[in-house]
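Each residue takes its place number in the sequence, starting with 1.
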Amino acid sequence: MFKKVKAISNGKIEYGDGTLYPVLHKLEKRELIESYWKIPESGRKRKYYTISNKGKKELVSQKENWTTINQIISNLWKIEPTLT
């Protein structure tokens, strides 16, 4: 996931474990995600995360908020976002 974010942002956004895991723990505490342990074929025990039903509802709400904010800023600046 780290590599994908870096690639999509053309290297402008880069973060590591020290940034991601505190966010995951906060989301889990708010019951927006759930975690479970699994041993993959590599043999090393790993923790996996999945979005909860509560998290899915929150995601819909946050997407609506960001869409509204984007529309307001685009109108203020008279620009349209570009997809790359």
- Under 3.5 Å: donor-acceptor pair, side chain of Asn70, backbone of Trp66: no

- Query: Within the distance-only criterion (no hydrogens, no angle test), does the side chain of Lys56 pair as donor or acceptor with the backbone N or O of Leu32 below 3.5 angstrom?
  - Reply: no

- Got a second to check how far Arg30's CZ is from Ser52's OG, nearest 0.5 Å? 10.5 Å

- Message: Please determine whether residues Val23 and Val5 belong to a single hydrophobic cluster, defined as Ile, Leu, Val, Met, Phe, Trp and Tyr linked transitively by side-chain heavy-atom distances below 4.5 Å.
- Response: yes

- Task: Using side-chain contact (heavy atoms from CB on, under 4.5 Å) as the criterion, point out the one residue from Ile69, Ile73, Thr67 that pairs with Gln71.
- Result: Thr67

- Query: Would the number of heavy atoms belonging to other residues, nucleotides or ligands and lying under 6.0 Å from CH2 of Trp77 be above 12?
  - Reply: no

- Query: Within the side chain of Thr19, is there an N or O that forms a donor-acceptor pair under 3.5 Å with the backbone of Tyr15?
  - Reply: no

- Hey, are the side chains of Ile33 and Thr50 touching, using non-hydrogen atoms and a 4.5 Å cut-off? no

- Message: Distance check, rounded to the nearest 0.5 Å: Glu34 atom CD versus Leu27 atom CG?
- Response: 12.0 Å

- Where does the angle between the aromatic ring planes of Tyr48 and Tyr36 fall among parallel (under 30°), tilted (30 to 60°) and perpendicular (over 60°)? parallel

- Query: Between Glu28 and Tyr49, is a side chain to side chain contact (heavy atoms under 4.5 Å, CB included) present by the stated rule, with each step listed?
  - Reply: CA-CA 9 Å; Glu28 190 171 21; Tyr49 295 88; 4.0 Å; yes

- Residues, nucleotides or ligands: over 12 heavy atoms within 6.0 Å of Lys26 NZ: no

- Looking only at heavy atoms, what is the nearest atom pair of Arg46 and Ser42, with distance? NE-OG, 4.4 Å

- Item | Within 6.0 angstrom of Lys47 NZ, more than 12 heavy atoms from elsewhere | yes

- CG of Asn53 to CD of Glu58, rounded to nearest 0.5 Å, is 13.5 Å

